[in-house]
**Student:** 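Just passing along the structure, written as structure tokens.
Please read all numbers here as calculations on a predicted model, not as lab measurements.
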Amino acid sequence: MSNLKEILMNKKNCKSVWFMRQAGRYLPEFRKIRSQNPNFINFCLNSKLSSEITLQPIKRFDLDSAIIFSDILIVPYALNQNVEFIKDKGPKLEKFNIENFLKNDENSFIKRLNPVYEAIKMTRKNLQKEKSLISFVGAPWTLLVYMIGAKLNKNEINFEIIKKKKKEIEIIYNKLNDYLCIHIKNQIKAGADVIQIFDSWAGLIPPNELDRLCYRPNFRIVEFCKKNKIPVICFPRGIKENYKDFNNLIKPDGINIDYSIDPYWAKENLKDTVIQGGLNPKILLLSNKEIYNNVKKYLDAFKGLPYVFNLGHGMLPETNPEKVDKLVKFYREY
Ligand code: 1CP
């Protein structure tokens, strides 16, 4: 934990700020480049553009950390499953085929992800020394949901498929774990300082299956990171009071809370970790006064503790960048 504290906090008296999806559609400078690059995966694989976009919010808001511009679905892409992003609909993956999935090998996986590593190298070179560079992977569960097409709509999955494919999921999880660890290792080798594991759909797992589908796979990746002295932040979004079990069992260096978690509950129940995030991204659509009051709630709750200011989920595309600027200034002065 001390390692993460030093890296993310930049020795700034336990204070640090960055935002999930800080590079993205709410920034006009992002939209300009995005409009010239309609294929999202190819866009992510353009190292020069990816690096430029990663640095956009740093230039604008002087945040403490940059997060590399990529996507969690770059891993299924690198495992030879075609990934498309349909405008206003989201990702669409080619039908999953386990034989093809198992045919993948480490060398071609790394080769396909090489542009991400190049983007990290470029970004590290251009990012001020005292700022940290965050890399990420999707957790096996969240990737599985997309890969096997289990998602029905925004907040629902077809759990029947999951129940039927117990053996197959075990095989997929084992392989995914290996590939995710390779991707983590290479991102760190390229110059990233910290890894965040996004388990965005953990909240859709029935509680009696959390251990098998969420805790164990996150634990394996966190253990890998610890063994390799890689600071790691987990984000098991939506698991409510099970955040406590998650934190006690997996013991990540940092844990990102979502906006359904009360900050005072988090302070009491999530021990021996750096807490990050929490603010509902919708708050940024309100008046300055409401923004400041809500930011204060988190800063007061975590006063004196190592706390990384961030959101409880990604920045919304309709966010006004001026509000973000105001928030950061308020945060620095508070
Ligand atoms: O212009 C566009 O349409 C692209 C929108 C966009 C962006 C900016 C997507 C499509 N991905 C990204 C970048 C991205 N994705 C980052 C970059 C770094 C940063 O935060 O600035 C990161 C960390 C991600 C991670 C990601 N992708 C997650 C986990 C975090 C989360 O938001 O829950 C997930 C679930 C995805 C999948 C994804 N990528 C994009 C979309 C539209 C989706 C689907 C979301 C869904 O299914 O609802």
**Student:** Would you call D211 and R216 a salt bridge, using N to O less than 4.0 angstrom?
**Tutor:**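 Yes.
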**Student:** With side-chain hydrogen bond (donor to acceptor under 3.5 Å, both in side chains) as the rule and sequence neighbours excluded, what pairs involving residues 22-37 come up?
**Tutor:** E29-R60
**Student:** Can you classify the ring geometry of F109 versus H183 as parallel (below 30°), tilted (30 to 60°) or perpendicular (above 60°)?
**Tutor:** perpendicular
**Student:** Using a 4.5 Å cut-off on heavy atoms from C-beta on, say whether the side chain of W201 contacts that of T142.
**Tutor:**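 Touching, per the 4.5 Å side-chain cut-off.
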**Student:** Could you please spell out the steps behind the side chain to side chain contact (heavy atoms under 4.5 Å, CB included) verdict for L143 and L73?
**Tutor:** CA-CA 7 Å; L143 290 178; L73 297 175; 4.2 Å; yes
**Student:** Are any of the side-chain heavy atoms of Q276 and L8 separated by less than 4.5 Å?
**Tutor:** yes
**Student:** Is the backbone N or O of K48 less than 3.5 Å from a side-chain atom of S51, with the two atoms forming a donor-acceptor pair by type?
**Tutor:**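 No.
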**Student:** What closest approach, in Å, do D62 and Q128 show between heavy atoms, and which atom pair accounts for it?
**Tutor:**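 Heavy-atom minimum between the residues: OD1-NE2, 4.4 Å.
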**Student:** Given 3.5 Å as the limit, does a donor-acceptor pair link the side chain of Q81 with the main chain of M147, or not?
**Tutor:**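 Judged by distance alone, yes, a pair lies under 3.5 Å.
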**Student:** Between I275 and V308, does the side chain to side chain contact (heavy atoms under 4.5 Å, CB included) criterion hold? Intermediate values first, please.
**Tutor:** CA-CA 6 Å; I275 296 177; V308 178; over 6 Å; no
**Student:** With a 4.5 Å limit on heavy-atom distance, are the side chains of I221 and L180 in contact?
**Tutor:** yes
**Student:** Hey, what do you get for CG (N256) to CZ (F198), rounding to the nearest 0.5 Å?
**Tutor:**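 So the gap between those two atoms works out to 7.5 Å.
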**Student:** List the atom of V194, the atom of I188, and the distance in Å for their closest heavy-atom pair.
**Tutor:**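 Heavy atoms of V194 and I188 come nearest at N-CD1, 4.2 Å.
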**Student:** Using the rule that Ile, Leu, Val, Met, Phe, Trp and Tyr join whenever any side-chain heavy atoms are under 4.5 Å apart, tell me whether V328 and F330 fall into a single cluster.
**Tutor:** yes
**Student:** Identify the heavy atoms of F246 and C214 that sit nearest to each other, and give their distance.
**Tutor:**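 Closest pair (atom of F246, atom of C214, distance): CE1-SG, 3.9 Å.
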**Student:** So how far is it from N126 CG to L133 CG, rounded to the nearest 0.5 Å?
**Tutor:** 11.0 Å
**Student:** If you compare all heavy atoms of C234 against all heavy atoms of I250, which two are closest, and at what distance to 0.1 Å?
**Tutor:** SG-CG2, 4.4 Å
**Student:** Just so I know, are the side chains of K5 and P306 near enough to count as touching, which here means a heavy-atom distance under 4.5 Å?
**Tutor:** yes
**Student:** Quick check against the 3.5 Å criterion: does S65 have a side-chain atom that pairs as donor or acceptor with the backbone of W18?
**Tutor:** no
**Student:** As an exercise, state the distance from CZ of F43 to CG of L49, rounded to the nearest 0.5 Å.
**Tutor:**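 Result: 6.0 Å between the selected atoms.
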**Student:** Assign the ring pair Y307 / Y298 to parallel, tilted or perpendicular, where the plane angle (0 to 90°) is split at 30° and 60°.
**Tutor:** parallel
**Student:** Considering only heavy atoms from C-beta outward, does the side chain of V116 approach that of S50 to under 4.5 Å?
**Tutor:** no
**Student:** Are V274 and L305 linked, directly or through intermediate hydrophobic residues, by side-chain heavy-atom contacts shorter than 4.5 Å (ILVMFWY only)?
**Tutor:**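 Per the 4.5 Å side-chain linkage, L305 and V274 are co-clustered.
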**Student:** Do the side-chain N and O atoms of N104 and R112 include a donor-acceptor pair separated by under 3.5 angstrom?
**Tutor:** no
**Student:** Using atom types as modelled, flag every donor-acceptor pair under 3.5 Å from a side chain in residues 160-168 to any protein atom, sequence neighbours excluded.
**Tutor:**
from: E160; atom 1: OE2; to: K163; atom 2: NZ; distance (Å): 3.4

**Student:** Would you say CD of E322 has more than 12 non-hydrogen atoms from neighbouring residues, nucleotides or ligands within 6.0 angstrom?
**Tutor:**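 Atom CD in E322 is not crowded, with 12 or fewer foreign heavy atoms closer than 6.0 Å.
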**Student:** K226 side chain to K251 main-chain N or O, any donor-acceptor pair under 3.5 Å?
**Tutor:**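 Between the backbone of K251 and the side chain of K226 there is a qualifying donor-acceptor contact (under 3.5 Å).
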**Student:** Between I41 and F101, is there shared hydrophobic-cluster membership here, with clusters defined by ILVMFWY side-chain heavy atoms closer than 4.5 Å?
**Tutor:**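 As far as the 4.5 Å side-chain criterion goes, F101 and I41 are connected within one cluster.
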**Student:** Between the side chain of S47 and the main-chain N/O of E118, is any donor-acceptor distance below 3.5 Å?
**Tutor:** no
**Student:** Can any side-chain N or O of R237 pair as donor or acceptor with the backbone N or O of S200 at less than 3.5 Å?
**Tutor:** yes
**Student:** About how many Å separate NZ of K271 and CG of N247, when rounded to the nearest 0.5 Å?
**Tutor:** 10.5 Å
**Student:** Mind checking whether I68 and Q187 have side chains closer than 4.5 Å, heavy atoms only?
**Tutor:** yes
**Student:** Decide whether I171 and L213 are clustered together by the hydrophobic rule: side chain heavy atoms of Ile, Leu, Val, Met, Phe, Trp, Tyr closer than 4.5 Å, transitively.
**Tutor:** yes
**Student:** Side chains of D300 and Y334: donor-acceptor distance under 3.5 Å anywhere?
**Tutor:** yes
**Student:** With side chain to side chain contact (heavy atoms under 4.5 Å, CB included) as the criterion, how do N280 and L311 come out once you've worked through the C-alpha distance, each side chain's angles and the decisive distance to 0.1 Å?
**Tutor:** CA-CA 6 Å; N280 189 335; L311 305 173; over 6 Å; no
**Student:** Please round to the nearest 0.5 Å and tell me the distance separating atom CE of M20 and atom CD of Q196.
**Tutor:** 6.0 Å
**Student:** Any donor-acceptor pair under 3.5 Å linking the side chain of N82 with the backbone of E94?
**Tutor:** no
**Student:** Over all heavy atoms of both residues, which pair between L93 and P76 is shortest? Give the atoms and the distance, please.
**Tutor:**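 Heavy atoms of L93 and P76 come nearest at CD2-CB, 3.9 Å.
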**Student:** In sequence, state the C-alpha distance, the side-chain angles, and the governing distance for F136 and F235, and then conclude on ring pair (Phe, Tyr, Trp, His ring centres under 6.0 Å).
**Tutor:** CA-CA 11 Å; F136 60 89; F235 184 28; over 10 Å; no
**Student:** Considering only NZ, NE, NH1 and NH2 on the basic side and carboxylate oxygens on the acidic side, decide whether D193 and R124 come within less than 4.0 Å.
**Tutor:**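 Answer for the salt bridge query: yes.
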**Student:** Should the heavy atoms of other residues, nucleotides or ligands under 6.0 Å from CZ of F219 be counted, would the total exceed 12?
**Tutor:**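 No, because the 6.0 Å sphere around CZ of F219 holds 12 heavy atoms or fewer from other groups.
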**Student:** With heavy-atom distances below 4.5 Å as the criterion, would you say the side chains of Y117 and K189 are in contact?
**Tutor:**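 SC-SC contact between Y117 and K189 ruled out.
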**Student:** Do the side-chain N and O atoms of T54 and T123 include a donor-acceptor pair separated by under 3.5 angstrom?
**Tutor:** no
**Student:** Could you check whether any side-chain heavy atom of F19 comes within less than 4.5 Å of a side-chain heavy atom of V324, counting everything from C-beta outward?
**Tutor:**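 Touching, per the 4.5 Å side-chain cut-off.
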**Student:** For N186, give me all partners under side chain to side chain donor-acceptor pair (under 3.5 Å), at least two apart in sequence or on another chain.
**Tutor:** none
**Student:** Mind running salt bridge (charged side-chain N to carboxylate O under 4.0 Å, His left out) on D105 and K111 for me, showing each step along the way?
**Tutor:** CA-CA 10 Å; D105 67 85; K111 208 165 152 200; over 6 Å; no
**Student:** Please check if the side chain of N228 supplies one atom and the backbone of I230 the other of a donor-acceptor pair under 3.5 Å.
**Tutor:** no
**Student:** Answer with yes or no whether the side chains of K323 and N288 bring together a donor and an acceptor at under 3.5 Å.
**Tutor:** yes
**Student:** Determine yes or no for a side-chain-to-main-chain donor-acceptor pair under 3.5 angstrom, with N269 supplying the side chain and W265 the backbone.
**Tutor:**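 Yes.
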**Student:** Donor-acceptor pair, Y331 side chain versus S16 backbone, under 3.5 Å?
**Tutor:** yes
**Student:** To the nearest 0.5 angstrom, please state how far the CG atom of L45 sits from the CG atom of L113.
**Tutor:** 7.5 Å
**Student:** Any chance the side chains of N153 and E156 put a donor and an acceptor closer than 3.5 Å?
**Tutor:** yes
**Student:** Do I182 and V222 sit in one hydrophobic cluster, given that two such residues count as connected whenever their side-chain heavy atoms are within less than 4.5 Å of each other, even indirectly?
**Tutor:** yes
**Student:** So does K151 have more than 12 non-hydrogen atoms from other groups sitting under 6.0 Å from NZ?
**Tutor:**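 Atom NZ in K151 is packed in, count exceeds 12.
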**Student:** Would you call K297 and D262 a salt bridge, using N to O less than 4.0 angstrom?
**Tutor:** no
**Student:** I need the minimum non-hydrogen distance between M315 and L284, along with the two atoms involved.
**Tutor:**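 Heavy-atom minimum between the residues: SD-CD1, 3.7 Å.
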